[in-house]
Amino acid sequence: MAGLRLLDDAPLIARNTFRVAAQAQLLAEVRDRAGFDELCGSGALRLEPLLVLGDGSNLLLVDDVPGLVVHLDLRGISTLAENGDGALVRAEAGVGWNDLVHWTLGRRLEGLENLALIPGRVGAAPIQNIGAYGVEAGEFIETVEAYDRRAGRIARFDRAACDFGYRDSVFKRERDRWIVLAVEFRLPRRHQLRLDYAGIGEELAAMGVAAPRAAHVAEAVIRLRTRKLPDPLLIGNAGSFFKNPLVDAD
């Protein structure tokens, strides 16, 4: 099918940001929902081991990958509903995260500006509830659509059911069960910009911006990230992947 391609002994060097020359025993390239339905119908998604791969920006391959690697390349961003206060935006799992951020800013929707230039794709965002510069994706996620490998069906999770925490979610805690297919975001036209995180105010000042808008904040974050992290297209890396320790108030 046009939406599904299966490859034996497929090279993964271009599918991970460390550019490790590993191979997948079997690679399924999924390009649309019809292709995903075909893959589901084949029973392949019940097989073990199985690795779901987006841009490969949060992993380090140390050997060839046995079993099935599923590369979700589902694309498309659409506005499901909108009014003067904001919009409900749907993005398929294969959309680049930074592409989504700029798509929303281009339509004067705010909220995701502090998350500019995070590597990876939309499908990965709810799994670890990505965050940066004082903002987490889960704050603006309304619904996550995911495939249940155990039950063989598609489920929809509202924000409460996602059970978001600090770099955490139900999808991360049951990572072998759920495959995220699409995410819907509730984004405002105007909201209180988060400017108090270290570095943002100073960067805006250096840019000569006294009355920042969301697009200015995104540009400040991009400048900060660009200085701190190497471009993965030039030097293999996985970006910033630390997790702060959690301690009680005492």
Side-chain angles (χ1 to χ4, degrees), residues 1 3-4 28-48 50-55 58 68 70-83 85-101 103-104 107 109-112 115 118 120-131 135-189 191:
M1 293 183 62
L4 175 65
E29 289 185 339
V30 181
R31 298 173 181 170
D32 57 31
R33 282 300 183 93
F36 186 79
D37 291 343
E38 180 76 8
L39 190 63
C40 292
S42 72
L45 295 180
R46 294 181 179 272
L47 300 176
E48 297 289 354
L50 183 144
L51 172 66
V52 179
L53 187 63
D55 276 343
N58 64 343
L68 176 65
V70 178
H71 181 242
L72 289 178
D73 202 25
L74 307 173
R75 300 298 181 103
I77 309 173
S78 58
T79 302
L80 301 180
E82 64 179 325
N83 55 36
D85 296 326
L88 180 63
V89 173
R90 176 185 173 94
E92 303 301 314
V95 172
W97 175 260
N98 194 48
D99 294 335
L100 172 65
V101 172
W103 188 95
T104 61
R107 286 155 180 81
L109 296 171
E110 301 183 355
L112 304 183
L115 307 180
I118 291 179
R121 302 197 179 193
V122 167
I127 296 175
Q128 70 158 346
N129 186 19
I130 61 172
V135 174
E136 292 183 334
E139 299 174 46
F140 300 95
I141 290 176
E142 175 118 331
T143 305
V144 174
E145 194 170 280
Y147 178 77
D148 185 347
R149 294 179 60 207
R150 187 180 304 168
R153 61 179 179 83
I154 292 176
R156 286 175 61 84
F157 293 75
D158 62 19
R159 185 179 303 158
C162 293
D163 197 19
F164 289 124
Y166 170 59
R167 304 299 179 269
D168 195 26
S169 72
V170 66
F171 312 108
K172 184 175 180 179
R173 293 191 290 274
E174 296 186 89
R175 67 185 68 188
D176 294 326
R177 178 176 180 180
W178 302 105
I179 299 176
V180 175
L181 299 176
V183 185
E184 296 170 9
F185 300 84
R186 179 75 64 179
L187 299 171
R189 295 284 180 197
H191 80 128

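Everything quoted here is computed from the prediction, not taken from an experiment.
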Roughly how far, to the nearest 0.5 Å, is the [atom2] atom of [Y] from the [atom1] atom of [X]?
| X | Y | atom1 | atom2 | value |
| --- | --- | --- | --- | --- |
| E136 | N129 | CD | CG | 4.5 Å |
| D148 | L45 | CG | CG | 11.0 Å |
| N98 | L115 | CG | CG | 10.0 Å |
| S78 | L88 | OG | CG | 8.5 Å |
| T104 | L109 | OG1 | CG | 6.0 Å |
| R186 | L80 | CZ | CG | 9.0 Å |

Return the minimal non-hydrogen interatomic distance between [X] and [Y], and the atom names on each side.
| X | Y | answer |
| --- | --- | --- |
| R175 | K172 | NE-O, 3.3 Å |
| W97 | A137 | CH2-CB, 4.2 Å |
| F140 | L187 | CB-CD2, 3.8 Å |
| A124 | I130 | O-CG2, 4.5 Å |
| F36 | L72 | CD1-CD2, 4.1 Å |
| S42 | L39 | OG-O, 2.6 Å |

So, [X] and [Y], do they make that salt bridge, N to O below 4.0 Å?
| X | Y | answer |
| --- | --- | --- |
| E145 | R153 | no |
| R75 | D32 | no |
| E82 | R189 | yes |
| R90 | E92 | yes |
| D73 | R121 | yes |
| R173 | D168 | yes |

Side chains of [X] and [Y]: does their closest heavy-atom pair fall under 4.5 Å?
| X | Y | value |
| --- | --- | --- |
| I154 | L181 | yes |
| V180 | V144 | yes |
| F157 | P126 | no |
| F185 | L100 | yes |
| E174 | R150 | yes |
| E142 | V183 | no |
| R159 | C162 | no |
| R156 | T143 | yes |

(request) Begin with the C-alpha distance, continue with both residues' side-chain angles, and end with the deciding distance and a verdict on side chain to side chain contact (heavy atoms under 4.5 Å, CB included) for V70 and E29. (result) CA-CA 6 Å; V70 178; E29 289 185 339; over 6 Å; no
(message) Could you go through F164 and E139, starting from their C-alpha distance and side-chain angles, then the distance that decides it, and tell me whether this counts as side chain to side chain contact (heavy atoms under 4.5 Å, CB included)?
(response) CA-CA 9 Å; F164 289 124; E139 299 174 46; over 6 Å; no
(request) May I ask you to decide if E110's main-chain N or O and H191's side chain share a donor-acceptor pair within less than 3.5 Å? (result)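 No; zero donor-acceptor contacts below 3.5 Å.
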(message) So does F171 get a backbone contact from the side chain of S169, meaning a donor-acceptor N/O pair under 3.5 Å?
(response)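 Confirmed, S169 side chain pairs with F171 backbone.
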(request) From the options V135, V89, V101, select the one residue that forms a side chain to side chain contact (heavy atoms under 4.5 Å, CB included) with L112. (result)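 Of the listed options, the one satisfying the test is V101.
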(request) Could you name each residue pair satisfying salt bridge (charged side-chain N to carboxylate O under 4.0 Å, His left out) that touches residues 34-43, not counting sequence neighbours? (result)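 Counting only pairs at least two positions apart or across chains, no salt bridge (charged side-chain N to carboxylate O under 4.0 Å, His left out) contact touches residues 34-43.
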(request) Taking the six-membered ring of W103 (Phe, Tyr or Trp), confirm whether the NZ or CZ of R107 is under 6.0 Å from its centre and within 45° of its axis. (result)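 Yes, R107 and W103 form such a contact.
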